[in-house]
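Residue numbers start from 1 in every chain, and the chains themselves are labelled A, B, ... in the order their sequence lines are given, proteins ahead of strands. Keep in mind that this is a model prediction, so the values were computed, not measured.
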Amino acid sequence: MICSRGPMARLLPTTNGSQICVYSNLCFICVNLWLISFSMNPEIRVRFAPSPTGYLHIGGARTALFNWLFARHHGGKLVLRIEDTDIKRNTEEAAAAIYEGLEWLGLNWDAGPHIGGDLGPYFQSQRTDIYERHLKQLQDAGHIFEDAGALRFRSPREHVVVNDLVCGKIDFDLTNPGTHPDMTIRRPDGSWIFHFVNVIDDIEMKISHVIRGEDHLSNTPKHIELYRALGAAPPHFAHIPLILNRDGSKMSKRDAGARLATYIEQGYTPEAVRNYLCLLGWSPKDNREKIDIDEVVKLFELEKINRRNAAFDLDKCFWLNGQYIAQMSLDRFIELARPFLEKAKIDISDQAYLRAVLSIAKEKIKLLNDVPEWTRYFFTEQYEFDPTAVEKVFGKPEAAERLIALRDEFAKIENWNVEKIEISLKTLAQKLGCKTGDLVHPARVAASGRSVGPSLYHMLEVMGKKRVLARFDRAIEKFAPPPRVSS
RNA sequence: GGCGCGUUCGUCUAGUGGUUAGGACACAGCCCUCUCAAGGCUGGUGCACGGGUUCGACUCCCGUACGCGCUGCCA
């Protein structure tokens, strides 16, 4: 038996694997030569092969990410293959969620739907001829038997060692038919079973590394049996740990947060989610949390992947999202925030004003979904007044008087800017003998209807003098206590 | 049930025989402050359990428990 692993192995006929390459695993020499040839190896081809369920699972997204990282790290290719053997309706529609999710995460593929490629088609439903051909090959070799109309693959009944790049060497005993029955590869109605078509496609598409969820680890020896029966060298395998819920239970599609789309809808940024996903099972090992994707590509190695399942920590993802928003450029923030503002039907036609508003709101935003709430009052005079804020601030009888005084001081300002506004307010506070906050709070509620928001001075500057004075006037009229009637 | 994988703070992780077991999120307190955040500082919480091996185990081996996966004519 020759060492069937590794691109270099085939180029080295002198490598006598009969003694060192047990179970067709990598021999030591091959490993080293293979590792040397590892960087920027165009022979490296990986694939992401989701079933078109109508949504992209967060675990699937990470599997896609790890495949993408591996391909990019080595200068290899990523293939996207849609495994639609079982789902006969609306495949394209259901697959759209997958494309959208991958694109949102910035994970491009080198062959597959929309892109094409030499080794297509990339929908299993369109590959029947290929499967028929390989089935015939197996039948001719006597590997197939019929059972109640279905076709089964007769297991060779041997031990199969899986040499997993993440999990290490694992010996599976497949000799007992009672515990490892012969797998079905085709149903009586002619449709194909996953194990068979998956292997055929990986062979046909020249996949060098199969990086997939650990739920497939136990299936792998069966797949290797198929490779051998077909006379093909099995690819390298890397089974990555699963993503669980916070409580350690398996994340099923019904769990909140299982669908990538929920993160998109809630206003997480793609860079933050992608970064968070990178850290689930993989680590740069230097305590970095926010790490640029280019840096991850540079550092990513399958050997650094954990073997233990990871719980999805929404708190941390949320924190990371805030970090990304705080540190991203204003242009990027505007780009990301715009659809959320449009969806909230906020009039953002004034680009310069929008830019000014977002520049001061940016530091407050943790979730893009919150942008409308934090900025709506900038764009309309019909903003709501938070009853609690009004009660707290204008509950004090002096508040209205102070606001009136502030309004008069502000009216005198010629160059309406942050510095002038601040000086004006603080000077007045001193004059009235009150705290700065005693003016700031009424001003804030009057101008925005809220008790929280960006720096007041910046906020007022952006709104403009005219708008601010008008809002003060209306607030004074609305919240000033009625004049006392003395008897 | 059988087989496989896993087990370091609540969570994500660093750590491969000798560390005061490090970082991050979350949490608590303090500082700063016009609010809310952010930021800074401080703090508590962890090697699942039991046996080995060793001068010495979080680290290596075995077992137990627990978790997860596979065991489909789902993928």
Is any side-chain N or O of A:Q323 closer than 4.0 Å to OP1 or OP2 of B:G39? yes
Taking any strand in view, what nucleotide pairs with B:G50 in a Watson-Crick or G-U wobble way, both distances under 3.5 Å? B:C62
Mind checking whether A:Y383 and A:F385 have parallel, tilted or perpendicular rings, split at 30° and 60°? tilted
Heavy atom of residues 281-290 of chain A under 4.0 Å from RNA chain B: which residues? A:G281, A:S283, A:K285, A:N287, A:E289
Minimum-distance nucleotide to A:V452 side chain [options: B:G4, B:A37, B:U35]: B:U35
By ring-ring contact (aromatic ring centres under 6.0 Å, His included), A:H223 pairs with (sequence neighbours left out) A:F194, A:H195
Tell me yes or no: between the side chains of A:D182 and A:S155, is some donor less than 3.5 Å from an acceptor? no
Looking only at side-chain N and O atoms, does A:T184 come under 4.0 Å of OP1 or OP2 in B:C73? yes
When rounded to whole Å, the NZ to C1' distance for the pair A:K222 and B:C73 reads 12 Å
Euclidean distance, atom CZ of residue A:R307 to atom P of B:C68 [Å, nearest integer]: 19 Å
Would one find a side-chain N or O of A:N306 under 4.0 angstrom from OP1 or OP2 of B:A14? yes
Within less than 4.0 Å of OP1 or OP2 of B:C12, is there a side-chain N or O belonging to A:R246? no
Parallel under 30°, tilted from 30 to 60°, perpendicular over 60°: which one fits the rings of A:H57 and A:Y55? tilted
Taking CD from A:E363 and C1' from B:U35, how many angstroms apart are they, rounded to a whole number? 12 Å
Counting just side-chain N and O atoms, does A:T85 come under 4.0 Å of either OP1 or OP2 of B:A75? yes
Considering just the side-chain nitrogens and oxygens of A:R444, establish if one lies under 4.0 Å of OP1 or OP2 belonging to B:C34. no
Among B:C68, B:C70, B:C34, which nucleotide has an atom closest to any side-chain atom of A:L242? B:C68
Quick check: A:Y268 with A:Y276 (ring centres under 6.0 Å apart)? no
